[in-house]
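Below is one structure, written out as structure tokens, with a few remarks after it.
Small disclaimer: the values here were computed from a predicted structure and weren't measured.
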Amino acid sequence: MKTVFRKFPQEKQAFINPEDTTKYNPTFPKLCVSTFSENIINKFASIENVDVIGELYSANGVIPIYQIIYKNVPIAFYLSRVGAPACVAGIEEVIALGAKKLVLFGSCGILDENRANGKIILPTSAIRDEGTSYHYIEANDEICVDNNLIKKATNCLEKCGYPYVTGKTWTTDAIYRETKSLIEERKAAGCIAVEMECSAAIAVTQFRKIPFIQFLFGADNLDTSKWEPRDLTEYGLSNAEKYLALAFECALSL
């Protein structure tokens with residue numbers, strides 16, 4: 001029996017499709033932003049004139065979808081669940097609702113301290129060490145971001161004055177199996193960060209033909225002899241305004 005990693009399903013239609021479970025909303029904002037930090041989402045959800053415009057459902061509970069008017073443009077934002085399968089399910093459903101362009105951001109582990117420390121990390125490609133992307137894109141070790149999208153993202157970062165670095169990320173399903181030998185192998189392959197969703201998010205948005213930008217901010221450090229948690233458990237809260245404003249700007253740039 002061939003595994004999913006060796007047999008890509010060619011059918012565009014699945015037995016169950018997002019539109020079978022999610023009703024299209026003609027008034028849903030065309031621009032959508034998401035992050036994995038509940039603290040960041042809750043902070044902005046409490047702002048005046050932010051409204052709940054929808055919900056995502058799963059056995060884990062209900063996730064509200066909010067709308068904010070940013071520079072006179074309606075933008076939806078919501079909490080992504082951690083891990084490639086859950087993250088991609090959310091992306092599928094907001095696309096089914098009516099989103100046409102998407103920005104995703106979150107924390108990552110740093111694999112190259114010299115290049116990435118203190119900078120926004122903009123993935124240009126991702127090693128596909130997860131299972132979800134193989135349902136959307138032909139099997140390969142890596143997946144690349146479209147150069148035009150990278151250019152738009154870098155232009156936005158430069159306009160906003162944020163220091164950044166571009167490079168390869170490592171998307172893995174198993175945070176507790178990031179062994180020393182595997183970390184060294186990924187670093188040797190050019191990875192500057194490690195996270196759990198990027199390759200899958202690139203794959204689903206390419207499959208659905210949705211312009212997509214993802215950026216990362218370093219939390220814990222793996223480029224050291226002993227793991228440094230740093231502010232991992234904060235999930236970006238101290239820089240919430242910076243990250244979400246940048247995400248909104250990136251969305252406008254799409």
Side-chain angles (χ1 to χ4, degrees), residues 31-37 40-41 75-95 99-112 115-116 119-130 132-133 136-137 142-158 160 162-173 186 190-219 235-236 239-240 242-254:
L31 305 181
C32 189
V33 165
S34 187
T35 186
F36 304 96
S37 170
I40 292 178
I41 292 294
I75 300 178
F77 67 97
Y78 72 99
L79 177 70
S80 276
R81 297 203 185 277
V82 173
C87 175
V88 163
I91 290 173
E92 285 274 41
E93 289 163 10
V94 296
I95 293 172
K100 300 298 183 185
K101 300 176 180 180
L102 180 67
V103 176
L104 178 65
F105 69 95
S107 62
C108 67
I110 293 175
L111 296 182
D112 190 331
R115 291 186 62 196
K119 297 177 181 177
I120 297 293
I121 300 168
L122 186 64
T124 54
S125 65
I127 289 184
R128 299 166 65 183
D129 204 357
E130 42 70 40
T132 307
S133 67
Y136 289 91
I137 299 292
E142 297 182 24
I143 186 168
C144 294
V145 181
D146 181 89
N147 285 333
N148 289 329
L149 295 173
I150 294 296
K151 184 63 175 175
K152 289 180 179 180
T154 56
N155 286 344
C156 183
L157 285 159
E158 290 168 6
C160 294
Y162 293 158
Y164 70 91
V165 60
T166 60
K168 187 186 303 184
T169 186
W170 167 27
T171 306
T172 177
D173 276 341
R186 296 294 181 253
C191 292
I192 61 176
V194 58
E195 38 64 47
M196 298 182 68
E197 301 86 13
C198 187
S199 58
I202 297 169
V204 64
T205 51
Q206 288 184 358
F207 182 81
R208 298 297 180 192
K209 297 181 174 16
I210 295 292
F212 170 73
I213 289 173
Q214 180 167 3
F215 66 84
L216 307 167
F217 52 88
Y235 302 117
N239 288 305
K242 168 184 173 180
Y243 295 138
L244 203 51
L246 177 58
F248 292 152
E249 290 291 338
C250 285
L252 293 177
S253 74
L254 288 171

Donor-acceptor check, side chain of [X] to backbone of [Y], threshold 3.5 angstrom: yes or no?
X: Glu197; Y: Gly83; answer: yes
X: Thr171; Y: Ser199; answer: yes
X: Ser133; Y: Arg128; answer: no

How far apart are the closest heavy atoms of [X] and [Y], and which atoms are they?
X: Leu111; Y: Ala193; answer: CD1-O, 3.6 Å
X: Leu102; Y: Val33; answer: CD1-N, 4.5 Å
X: Glu249; Y: Cys160; answer: CG-SG, 3.9 Å
X: Cys250; Y: Cys156; answer: N-SG, 3.5 Å
X: Ile120; Y: Leu157; answer: CG2-CD2, 3.9 Å
X: Val94; Y: Tyr78; answer: CG1-CE2, 3.6 Å

Open item on the list: Assess the residue pair Ser253 and Asn155 against the criterion (side-chain contact (heavy atoms from CB on, under 4.5 Å)); give the C-alpha distance rounded to whole Å, side-chain angles, the decisive distance to 0.1 Å, and a yes or no.
Closed with: CA-CA 9 Å; Ser253 74; Asn155 286 344; over 6 Å; no
What distance do [X] atom [atom1] and [Y] atom [atom2] have between them, rounded to the nearest 0.5 Å?
X: Met196; Y: Cys108; atom1: CE; atom2: SG; result: 13.0 Å
X: Lys101; Y: Leu149; atom1: NZ; atom2: CG; result: 10.0 Å
X: Ser80; Y: Leu104; atom1: OG; atom2: CG; result: 5.0 Å

Open item on the list: Are Thr169 and Val194 packed together at the side-chain level, in the sense that at least one heavy-atom pair is separated by less than 4.5 angstrom?
Closed with: no
Open item on the list: Side chains of Phe77 and Ile41, heavy atoms from C-beta outward: is any pair under 4.5 Å?
Closed with: yes
Name every donor-acceptor pair, under 3.5 Å, that has one atom in a side chain of residues 204-217 and the other anywhere in the protein, sequence neighbours excluded.
| unit_1 | atom_1 | unit_2 | atom_2 | d |
| --- | --- | --- | --- | --- |
| Thr205 | OG1 | Ala201 | O | 2.8 |
| Thr205 | OG1 | Ile202 | O | 3.0 |
| Gln206 | NE2 | Cys144 | O | 2.8 |
| Arg208 | NE | Glu92 | OE1 | 2.7 |
| Arg208 | NH2 | Glu92 | OE1 | 3.3 |
| Arg208 | NH2 | Glu92 | OE2 | 3.0 |

- [ ] Give the C-alpha distance, both sets of side-chain angles, the deciding distance and a yes or no for side-chain contact (heavy atoms from CB on, under 4.5 Å) between Glu195 and Thr172.
- [x] CA-CA 6 Å; Glu195 38 64 47; Thr172 177; over 6 Å; no
TODO: Only counting residues at least two apart or in another chain, list the ones meeting salt bridge (charged side-chain N to carboxylate O under 4.0 Å, His left out) with Glu93.
DONE: none
TODO: Take Phe248 and Val103, measure what side-chain contact (heavy atoms from CB on, under 4.5 Å) needs, and give me the verdict at the end.
DONE: CA-CA 8 Å; Phe248 292 152; Val103 176; over 6 Å; no
Task: Within 6.0 angstrom of Lys242 NZ, more than 12 heavy atoms from elsewhere - done: yes
TODO: Indicate yes or no: does Glu142 engage Lys168 in a salt bridge with an N to O separation below 4.0 Å.
DONE: yes
Task: Passing candidate, side-chain contact (heavy atoms from CB on, under 4.5 Å) with Thr166, options Val145, Ile192, Thr154 - done: Thr154
